[in-house]
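Below: the structure, in structure tokens.
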2 protein chains.
Amino acid sequence: MTDPHSRYETMLAHLKARGGRLTSQRLALLQLLSVSEGHPNAAQLHDQLQAQFPAISLATVYKTLTLLKEEGEVFEIDLGSESHYDGHKPYPHPHLICRQCQKIMDGDDIRRMDAVLQEIRERYDFQVLQSQLVFYGVCRDCRQEA
Amino acid sequence: MTDPHSRYETMLAHLKARGGRLTSQRLALLQLLSVSEGHPNAAQLHDQLQAQFPAISLATVYKTLTLLKEEGEVFEIDLGSESHYDGHKPYPHPHLICRQCQKIMDGDDIRRMDAVLQEIRERYDFQVLQSQLVFYGVCRDCRQEA
DNA sequence: CTACTTGCAAAGCCTTTGCAAACTA
DNA sequence: TAGTTTGCAAAGGCTTTGCAAGTAG
């Protein structure tokens, strides 16, 4: 489910099912999202797409990202001023952001997160539907340098 | 530490210690932050301050909030498009936001959160310094209505 | 051919900045 | 009085919107 090819196929299937048109710009963005290791923002995606489509606009990138968000095929990471996008794990999951190298890491497989969700349900009687969980700090690599 | 009066005094002390001037606009904002139960945004604070200072500008509100953030006397809740401010618990803590009534609730005292932080340290070898944790969903009151 | 998509430019939103006037200490 | 702070207006950064031209189906 996380390998590039099947992610691409899944996103494509959702676009088709929705009745959207498979323009070359869209296909290239799906490709990019399913391949890129990091968590790019709209500008970074736009930059990379310009290699293939010198005239592609940022608006097109945003419009396609909105589509994919609606289809649940991309997860938007809300940071203070901008958003980054995760096309590999299109569901809510924690992220760890290094204040030194700015790297954004996935924090899925924090096993004890389930216990937190359960506690929120029980103690606060609150039904969680979505989340934006970001931990800021210093990553292993940057700590080893110091 | 969470009662309005001592919060006000603490914020005031920090402002003084920093050498900042105690203008009436600033004092009114401290007052407001220490009293308000919810988690207001800059515009809401501005609206309320206009009762006392019809000409107060949004810029002044932002500038004072920046000061208080730097002093660690207010916690900024980064939501997608805007920020809200917590003057009662000026340290990072989770928030629960109801998608129905838009209420923002404190999610401090989630006891199992400590275990999550410990797991992040151990499994990811990541040193957490700060966090922005927001859970979106449906609160008790709104669920009872349905 | 028709309806959807693109690219461009303009607009929107929240927040920050520059600067003269006002004010604290 | 000297140095901060205020209010106003303008600018900034990211994202969205309007619309004519282009294109998938």
Side-chain angles (χ1 to χ4, degrees), chain A residues 11-30 32 39-71 74-85 102 104 132 134, chain B residues 11-30 32 39-71 74-85 102 104 132 134:
Chain A
M11 292 189 201
L12 192 56
H14 274 261
L15 250 195
K16 277 184 185 163
R18 187 195 167 100
R21 293 191 175 170
L22 309 180
T23 66
S24 45
Q25 291 91 332
R26 284 184 176 178
L27 296 179
L29 179 52
L30 297 201
L32 201 49
H39 298 78
N41 61 20
Q44 291 166 335
L45 292 166
H46 180 243
D47 283 352
Q48 295 204 58
L49 289 170
Q50 282 188 312
Q52 289 179 64
F53 304 93
I56 193 172
S57 74
L58 208 37
T60 295
V61 174
Y62 277 112
K63 284 168 185 166
T64 304
L65 286 170
T66 299
L67 267 186
L68 291 170
K69 280 189 284 173
E70 286 173 8
E71 289 300 308
V74 113
F75 178 68
E76 179 174 7
I77 309 165
D78 265 5
L79 304 186
S81 48
E82 55 170 5
S83 288
H84 285 246
Y85 299 88
Q102 316 305 324
I104 301 178
Q132 284 288 341
V134 182
Chain B
M11 292 189 202
L12 192 56
H14 275 260
L15 251 195
K16 277 185 188 164
R18 186 194 168 102
R21 293 192 175 168
L22 309 180
T23 66
S24 45
Q25 290 93 331
R26 285 184 175 176
L27 295 179
L29 179 51
L30 296 201
L32 201 49
H39 299 77
N41 61 22
Q44 291 167 336
L45 292 165
H46 181 243
D47 284 352
Q48 295 203 59
L49 289 170
Q50 283 188 311
Q52 287 180 67
F53 304 92
I56 193 173
S57 75
L58 208 36
T60 296
V61 174
Y62 278 112
K63 285 168 183 165
T64 305
L65 287 170
T66 299
L67 268 187
L68 292 170
K69 280 188 285 174
E70 286 172 9
E71 289 300 309
V74 112
F75 178 69
E76 179 175 7
I77 309 165
D78 264 4
L79 303 185
S81 48
E82 55 169 7
S83 288
H84 286 246
Y85 299 87
Q102 315 306 325
I104 301 179
Q132 283 290 339
V134 181

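Hydrogens, waters and symmetry mates are skipped; everything else that's a heavy atom, side chains included, is used. Below, read A as the first sequence line, B as the second, and so on, with proteins coming before strands; counting in each chain starts at 1.
Rounded to an integer number of Å, the gap from CG of B/D78 to P of D/dG13 is 18 Å. Remark: C1' of C/dC13 and NE2 of B/H46 are 16 Å apart, rounded to the nearest angstrom. Summarising the geometry, the separation between CG on B/L22 and P on D/dT6 is reported as 11 Å, rounded to the nearest angstrom. As rounded to whole Å, 16 Å separates atom C1' of D/dT6 from atom CD of B/Q52. Remark: P of C/dT6 and CG of A/L65 are 12 Å apart, rounded to the nearest angstrom. Distance, A/F53 CZ to C/dT5 C1': 13 Å, rounded to whole Å. Nucleotide C/dC13 holds its P atom 14 Å from the CG atom of B/N41, rounded to whole Å. Summarising the geometry, the separation between NE2 on A/H84 and C1' on D/dG13 is reported as 13 Å, rounded to the nearest angstrom.
For the pair B/S24 and A/A55, both in contact range of DNA chain C, the more 5′-proximal nearest nucleotide belongs to A/A55.
Identified under the side-chain hydrogen bond (donor to acceptor under 3.5 Å, both in side chains) test for residues 46-58 of chain B, with sequence neighbours left out: B/S57-B/T60.
Listed candidates were C/dT6, C/dT24, D/dC8. Nearest to the side chain of A/Q25 is C/dT6.
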Name the pairs: protein N/O against N/O of nucleotides 16-20 of chain D, kept only if under 3.5 Å.
unit_1 : atom_1 : unit_2 : atom_2 : d
D/dG18 : O6     : A/K63  : NZ     : 3.3

Detail all sub-3.5 Å separations between protein N/O atoms and N/O atoms belonging to nucleotides 2-4 of chain D.
unit_1 : atom_1 : unit_2 : atom_2 : d
D/dG3  : N2     : B/R21  : NH1    : 2.1
D/dG3  : N3     : B/R21  : NH1    : 3.1
D/dT4  : O4'    : B/R21  : NE     : 3.4
D/dT4  : O4'    : B/R21  : NH1    : 3.1

Would you list the protein and nucleotides 10-12 of chain C atom pairs, both N or O, that sit under 3.5 Å from each other?
none

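The side-chain heavy atoms of A/I104 and A/H84, taken from C-beta on, include a pair separated by under 4.5 Å. A/L29 is not listed as a side-chain neighbour of A/I56, based on a closest heavy-atom distance of 4.5 Å or more. Under the 4.5 Å side-chain criterion, counting only non-hydrogen atoms from C-beta, B/L27 is in contact with B/L12.
Applying the side chain to side chain contact (heavy atoms under 4.5 Å, CB included) test to A/L15 and every residue at least two apart in sequence or in another chain returns A/L22, A/R26, A/L30, A/L67. With sequence neighbours excluded, no residue forms a salt bridge (charged side-chain N to carboxylate O under 4.0 Å, His left out) with B/K16.
The CE atom of B/M11 sits 6.5 Å away from the CG atom of B/L68 when rounded to the nearest 0.5 Å. To the nearest 0.5 angstrom, B/Q44 atom CD is 4.0 Å from B/N41 atom CG.
A donor-acceptor pair under 3.5 Å links the side-chain atoms of A/Q132 to the main chain of A/E76, judged by distance alone.
Considering all non-hydrogen atoms of both residues, B/L45 and B/P40 come closest at CD2-CG, 3.6 Å. Listed here is the closest heavy atom pair of B/V61 and B/A42: CG1-O, 3.9 Å.
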Inset, instruction - Show the numbers, then the answer: is there a side-chain contact (heavy atoms from CB on, under 4.5 Å) between B/V134 and A/D78? - result: CA-CA 10 Å; B/V134 181; A/D78 265 5; over 6 Å; no

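Between B/T23 and D/dT6 there is a side-chain N or O to OP1 or OP2 distance below 4.0 Å. Phosphate contact (OP1/OP2 of C/dT5, side-chain N/O of A/T60, threshold under 4.0 Å): absent.
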